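Notes to accompany the following structure.
In this text the structure is predicted, and so the values were computed from the model without any measurement.
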Amino acid sequence: MLQDKTILITGASSGIGAAAVKLFADAGANLVITARRKDRLEAVKAELNGARERVLIVPGDVSDPDSAKAVVDAAQNHFGGLDGAFNNAGILGDLGPVPEMRQEAWNTVIRTNLTSCFLAAKHQIPALKQQGGGAIVFTSTFVGHTVGMPGMAAYGASKAGLIGLTQCLAAECGQDNIRVNALLPGGTKTEMAGNDPEFLEFVKGMHALKRMAEPEEIAKAALFLLSDAGSFVTGSAMLCDGGNSISKT
């Protein structure tokens with residue numbers, strides 16, 4: 001589905017991002033993968049066996065403008081162009097009521113989850129234009145979109161902001177054959193979810209399927225949006241949430 005396409009993946013060192021590396025490599029893509037920890041990226045690459053030569057590691061911080069440019073430059077210089085991007089990096093940040101939240105904690109979440117995607121798009125869109133088009137996917141969430149959760153104002157606001165960014169970019173870039181979509185996972189078995197059994201049982205109960213997603217399940221939805229299978233999908237906030245948004249029991 002991505003044969004010979006060059007795809008950039010942020011937040012590629014664990015969770016959904018790492019699952020996407022494996023899935024996209026199996027789909028034939030050339031990959032530029034980035035995250036802050038080089039050792040974690042190398043571990044993900046080491047698991048790919050025969051596809052390792054098609055994976056380029058470029059460590060960096062998504063909230064750094066220079067890093068946002070460097071990963072796109074690397075795709076163009078190493079693979080000859082960029083065909084798509086899965087902007088997946090994000091943090092949960094400090095939790096708690098807004099009156100008790102430090103402004104710096106708020107700023108960190110907004111910078112990491114939302115501003116980073118503005119920086120990504122700023123450099124990715126011109127590269128996609130040079131290829132005659134392509135696709136961008138942002139990882140958002142159901143929090144702040146279909147449900148509000150106490151103590152998660154910064155996270156919810158940052159991820160809801162991605163949906164607005166997605167819609168505006170889709171309108172701006174459609175004429176250039178660039179599709180832009182937001183992917184909204186439900187509760188997923190990643191490091192961010194933690195390992196508190198009581199909390200995980202609560203999260204499972206929020207979903208109609210009464211379970212959490214495997215990272216690979218979310219990566220498959222991203223693959224659809226980045227591939228030609230999703231060729232007429234743009235500007236969407238696509239739920240991949242196990243029925244979280246429609247379940248009240």
Side-chain angles (χ1 to χ4, degrees), residues 9-20 34-37 40 60-64 67 86-120 137-166 182-215 217-219 221-222 237-249:
I9 304 174
T10 74
S13 62
S14 64
I16 295 168
T34 187
R36 287 176 293 182
R37 293 183 55 179
R40 296 283 294 270
D61 183 339
V62 291
S63 65
D64 178 1
S67 290
F86 183 25
N87 295 299
N88 170 71
I91 60 172
L92 189 59
D94 292 352
L95 303 180
V98 166
E100 300 173 14
M101 183 177 293
R102 296 175 298 110
Q103 184 173 344
E104 181 52 36
W106 169 273
N107 291 344
T108 297
V109 174
I110 299 298
R111 181 172 64 248
T112 305
N113 291 355
L114 180 57
T115 305
S116 67
C117 289
F118 154 75
L119 295 171
V137 176
F138 298 114
T139 300
S140 181
T141 182
F142 64 92
V143 181
H145 180 66
T146 62
V147 66
M149 299 188 72
M152 300 184 71
Y155 180 72
S158 68
K159 293 294 191 175
L162 281 179
I163 297 172
L165 178 64
T166 293
L183 177 60
L184 282 58
T188 306
K189 297 176 184 177
T190 66
E191 291 179 14
M192 185 182 291
N195 55 12
D196 181 338
E198 185 176 348
F199 173 74
L200 295 178
E201 282 301 313
F202 167 76
V203 173
K204 289 178 183 178
M206 295 172 62
H207 301 74
L209 295 180
K210 302 306 177 189
R211 66 177 180 86
M212 295 174 68
E214 298 294 336
E217 293 180 289
I218 310 303
M238 191 178 98
L239 289 163
C240 184
D241 71 345
N244 180 299
S245 60
I246 52 86
S247 179
K248 303 300 180 185
T249 60

Partners meeting side chain to side chain donor-acceptor pair (under 3.5 Å) with [X] (sequence neighbours left out):
| X | result |
| --- | --- |
| Glu104 | Thr108 |
| Asn107 | none |
| Thr112 | none |
| Glu198 | none |

Find the distance between [atom1] ([X]) and [atom2] ([Y]) and round it off to the nearest 0.5 Å.
| X | Y | atom1 | atom2 | value |
| --- | --- | --- | --- | --- |
| Lys210 | Ser247 | NZ | OG | 4.0 Å |
| Asp241 | Ile246 | CG | CD1 | 7.5 Å |
| His207 | Asn244 | NE2 | CG | 4.5 Å |
| Glu214 | Ile16 | CD | CD1 | 11.0 Å |
| Cys117 | Asn87 | SG | CG | 5.0 Å |
| Arg211 | Lys189 | CZ | NZ | 7.5 Å |

Indicate the atoms forming the closest heavy-atom contact of [X] with [Y], along with that distance.
| X | Y | value |
| --- | --- | --- |
| Met101 | Ala105 | CG-CB, 4.3 Å |
| Thr190 | Gly15 | CG2-CA, 3.9 Å |
| Val109 | Gly93 | CG2-CA, 3.6 Å |
| Leu239 | Ser245 | CD1-OG, 3.5 Å |
| Ala221 | Met238 | CB-CE, 3.6 Å |
| Ile163 | Ala182 | CG1-CB, 4.4 Å |

Using atom types as modelled, flag every donor-acceptor pair under 3.5 Å from a side chain in residues 137-144 to any protein atom, sequence neighbours excluded.
| residue | atom | partner | partner atom | Å |
| --- | --- | --- | --- | --- |
| Thr139 | OG1 | Asn88 | OD1 | 3.0 |
| Ser140 | OG | Lys159 | O | 2.7 |
| Thr141 | OG1 | Val143 | N | 3.3 |

Can you sort out the partners of [X] under side-chain contact (heavy atoms from CB on, under 4.5 Å), two or more places apart, ordered by chain and number?
| X | answer |
| --- | --- |
| Ala89 | Thr10, Val62 |
| Ala20 | Ile9, Phe24, Phe86, Ala219 |
| Arg40 | Ser13, Ser14, Arg37, Glu191 |
| Pro99 | Pro97 |

Original post:
Would you say Leu183 and Ile218 make side-chain contact, with heavy atoms under 4.5 Å?
Top reply: yes

Original post:
Is the count of non-hydrogen atoms from other residues, nucleotides or ligands lying under 6.0 Å from Asn195 atom CG greater than 12?
Top reply: no

Original post:
Would you say Thr188's side chain and Gly186's backbone share a donor-acceptor pair under 3.5 angstrom?
Top reply: yes

**OP:** Output all residues satisfying salt bridge (charged side-chain N to carboxylate O under 4.0 Å, His left out) with Asp94, sequence neighbours left out; order by chain, then residue number.
**Re:** Arg102

Residues 147-155, side-chain donor-acceptor partners within the protein, below 3.5 Å, at least two apart:
none

